[in-house]
Amino acid sequence: MFRATSWIVACLAATAVQVTAAAAPADPKRCEQLHEVANASPGFVPRYGAVVVGAGRAHLHTAPDAACDSGKFLIPKDRVTVYTPYKEWVQVMFIHPKTGEDTMGWMLDSRLKTTGAMGPR
């Protein structure tokens with residue numbers, strides 16, 4: 001079972017095509033497949049807390065690809081929990097401090113500064 005699952009993940013990863021930020025909007029199905037591949041390894045575990053740094057909006061994406069923009073964003077000083085790393089991307093969860101609403105998405109790791117460990121690395 002493990003070998004078959006690893007083989008499937010490897011095949012999906014090999015077929016994932018990277019799209020640059022200047023590219024046309026991505027196919028939602030391709031973004032969904034890339035999200036599944038990226039989320040499969042190393043697992044969905046809270047890794048550490050972080051704060052958004054830099055200037056302007058930090059866009060959240062449905063998959064670790066600039067073409068998969070979700071239309072949502074964070075702003076500097078927003079705090080997140082970092083889950084799954086994938087290349088230069090990380091999956092994060094933001095919990096709105098006033099409403100308690102949570103939002104998940106992928107963002108560039110370069111827009112975050114670590115604030116502390118929250119789980120195994």
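These values consider heavy atoms only, across backbone and side chains, with no hydrogens, waters or symmetry-generated copies.
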Taking the side chain as C-beta and beyond, is there a heavy-atom pair between Leu108 and Trp89 under 4.5 Å? yes
Could you check if a side-chain atom of Arg30 sits within less than 4.5 angstrom of a side-chain atom of Asp65, using non-hydrogen atoms only? yes
What's the spacing between Thr84 OG1 and His35 NE2 if we round to 0.5 Å? 8.0 Å
Is Val90 close to Leu112 at the side-chain level, that is, under 4.5 Å between some pair of heavy atoms? yes
Shortest non-hydrogen contact from Arg111 toward Gly56: NH2-O, 3.0 Å
Rounded to the nearest 0.5 angstrom, the CZ-OG1 distance for Phe94 and Thr103 is 7.0 Å
Heavy-atom side-chain contact between Leu60 and Val92 under 4.5 Å: yes
Same hydrophobic cluster for Val51 and Tyr48, using side-chain heavy-atom links shorter than 4.5 Å among ILVMFWY? no
Check whether any side-chain heavy atom of Lys72 sits under 4.5 Å from a side-chain heavy atom of His59, and report yes or no. no
Could you measure the distance from the CZ atom of Arg57 to the CZ atom of Phe73? Nearest 0.5 Å is fine. 3.5 Å
Nearest heavy-atom approach of Ala63 to Cys31 is CB-O, 3.1 Å
Scanning both residues in full, the closest heavy-atom pair of Ile95 with Gly100 reads CG2-O, 3.7 Å
For the atom pair OG (Ser70) and CE (Met107), what is the distance rounded to the nearest 0.5 Å? 11.0 Å
Which pair of heavy atoms, one from Ser110 and one from Val53, lies closest together, and at what distance? O-CG2, 4.2 Å
Are the side chains of Thr115 and Arg79 in contact, using a 4.5 Å heavy-atom criterion? yes
Nearest 0.5 Å please: distance from the CD atom of Glu101 over to the NE2 atom of His96. 8.0 Å
From Gln33 atom CD to Asp27 atom CG, the distance as rounded to the nearest 0.5 Å: 8.0 Å
Is Pro64 close to Glu88 at the side-chain level, that is, under 4.5 Å between some pair of heavy atoms? no
May I have the step-by-step check of salt bridge (Lys or Arg N to Asp or Glu O under 4.0 Å) for Lys87 and Asp109, ending in yes or no? CA-CA 9 Å; Lys87 299 183 181 181; Asp109 186 47; over 6 Å; no
Taking the side chain as everything from C-beta on, heavy atoms only, tell me whether Gln91 gets closer than 4.5 Å to Tyr86. no
